[in-house]
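Quick notes on the structure that follows.
Throughout, a chain's letter reflects where its sequence line sits, starting with A, and its residues are numbered from 1. Side chains are part of it too, since the values below use all heavy atoms of this structure and drop only hydrogens, waters and symmetry mates.
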2 protein chains.
Amino acid sequence: MELASVARPPDTSEMIEVSQAGTVERVYRGILRDLEEGRMVPGQRLVETDLATRYAVGRNAVREAMQRLAARGVVDLARNRSPAIRWLDRAETLEVLDVAEAMTALALRSAASRYDRERDSAALQKTMELLLEADRIDEIGAFSRARRHFYRVLLEIGGNRELQRLYPAIGMHIIYAQYQTRRLRGIRLADYRAIIDAVSLGDAAGAEQAGRTHVDHVRASIPHDAPAG
Amino acid sequence: MELASVARPPDTSEMIEVSQAGTVERVYRGILRDLEEGRMVPGQRLVETDLATRYAVGRNAVREAMQRLAARGVVDLARNRSPAIRWLDRAETLEVLDVAEAMTALALRSAASRYDRERDSAALQKTMELLLEADRIDEIGAFSRARRHFYRVLLEIGGNRELQRLYPAIGMHIIYAQYQTRRLRGIRLADYRAIIDAVSLGDAAGAEQAGRTHVDHVRASIPHDAPAG
DNA sequence: TGCTGCAAGATTGTGGAACAATCAATTGGA
DNA sequence: TCCAATTGATTGTTCCACAATCTTGCAGCA
């Protein structure tokens, strides 16, 4: 062991990443990931002991993660009932989108006005490439990851820490998981392209408008009839 | 016990309230209350065992409450460190206010356009009375409660459940606790009055503007020099 | 004096046992 | 067929144990 350790020192950049992430974090991220990749669906019940074994942690960690997820609007907690992944009826879906519109407008206005070509150009371009790449391949969750990256980069450019904290708390995760984002990718890509272009020009009003237009497109893609798309 | 029970049946409306609120809820609300009433201050360290004895619960409940409070932006969690009540430097305070402005604008637009005199008039009037009452007496926390009630009523009129969920997650609690809302009550009351008037008229644009003006007033009251007001 | 480093104490991280309280499903009876 | 009681599953809560980590204070040394 000594020798092996000397021969190939452990990759601390990875080790720290893994060891620093506590058990609560593991459950928290695991559930978000499982939701994003379709292994869990809105409405699904989550049994504490199942999750404990699934993520190889104690029941404690599961309960703490549930509180965190509940505060983030990912699960619903009801006393003496198994937590359930949040489910949105059509009305509440539209309410979520109204909030998303306002927050996105602020985020994009902020990003456009603080955009600095020197500093941000590369990141934005990379983001568009990831979206195109994710669109080409058809792996489940790849597009979700690219989209998440897209918003993260824009929020970072905008620099508003409170917005960075709150934006992911909007119930968009649930919408994405509940209404399968089928065949609309073409439209979406054009939206994202328009947003990136406006931000790249430092055009705050244009970026805000592009964001609102995008949310409108998502709104229009919510079916009128079926409870779940 | 049988006879006593028959003679005076227990007040279930109170009992349910008490028994339904679990231990996590007790800690969660307790800390928000203590923060609101000045018994805790931003930056303060919270030791698990102290909180456990303070609220007469187990360490588990405290930890679950911490996760919830962290997701709500009330405390900061760092690994192997005692949780601390969130502290805002001046820059982040202004960022919080930018988010608050956008969300308040949406909330008031929504409330004004959905306002129904028959249904909402009494609640709005009561709200203003509470604000005036809280302004007159000088009990610590009374004004905070009245303000909280004010926003709750407006959010209910607006009817957007996602906004009702997210609005209290904005870091205004911290701002109120950190920058003592001294001697500005006169101005604040006029602001609230203007908001209520606009909403009562169903004037969405006016209500939104009144909200933005109010946030501007709060912004202007943040001192430039001292880290803590 | 002032600094370094170590040792002791305090605090968090985590799992697990135990038991009450409550819910859900099934079964038995009217 | 429908109601009700039992039973099994699940959550709510506390307490304990122990490792990991941080903090503090003290002692020794330059």
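Applying the 3.5 Å distance criterion, the base of dT14(C) shares a donor-acceptor pair with the side chain of Arg59(B). Taking 3.5 Å as the limit, the base of dT14(C) and the side chain of Asn60(A) contain no donor-acceptor pair of atoms between them. Side-chain to base pairing of Arg81(A) with dG12(D): no donor and acceptor N or O lie closer than 3.5 Å to each other.
Residue Arg63(A) contributes atom CZ, which lies 10 Å from atom P of dT14(D) at whole-angstrom precision. Taking atom CD on Glu64(B) and atom P on dT12(C), their separation rounds to 16 Å, with Å as the unit. Between the C1' atom of dG15(C) and the CZ atom of Arg26(A) lies a distance of 12 Å, rounded to the nearest Å. Taking atom CD on Glu48(A) and atom C1' on dC23(C), their separation rounds to 14 Å, with Å as the unit. Between Asn80(B) atom CG and dT12(C) atom P there is a gap of 9 Å when expressed in whole angstrom units. The nearest whole Å value for the distance from the CD atom in Glu25(A) to the C1' atom in dT12(C) is 16 Å. In this structure, Leu51(A) atom CG and dT10(D) atom C1' are separated by 12 Å, rounded to whole Å. Asp50(A) places its CG atom 8 Å from the P atom of dT11(D), with the value rounded to the nearest Å.
Leu77(B) comes within 4.0 angstrom of no nucleic acid atom, judged by non-hydrogen atoms across all strands. Backbone-only engagement by Ala56(A) is indicated by non-hydrogen atom pairs under 4.0 Å involving sugar-phosphate atoms exclusively.
Ser221(A) places a side-chain N or O within 3.5 Å of a backbone atom of Val218(A) that can act as its donor or acceptor partner. Of the possible donor and acceptor atoms, none in the side chain of Gln67(A) sits under 3.5 Å from a partner among the backbone N and O of Glu64(A).
Here Lys126(B) does not pair with Glu133(B) in a salt bridge; the nearest charged N to carboxylate O distance is not below 4.0 Å.
Distance from the side chain of Val57(A) is smallest for dG15(C) among the nucleotides dT13(D), dT10(D), dG15(C). Of the listed nucleotides (dT14(C), dT13(D), dT14(D)), dT14(D) has the atom at the smallest distance from the side chain of Ala61(B).
Between dT12(C) and Ser82(B), a contact under 4.0 Å exists linking OP1 or OP2 to a side-chain N or O.
Side-chain contact of Thr104(A) with Tyr151(A): a donor-acceptor pair under 3.5 Å is absent, judged by distance alone.
With a 4.5 Å cut-off on side-chain heavy atoms, Tyr176(B) and Phe143(B) do not count as touching.
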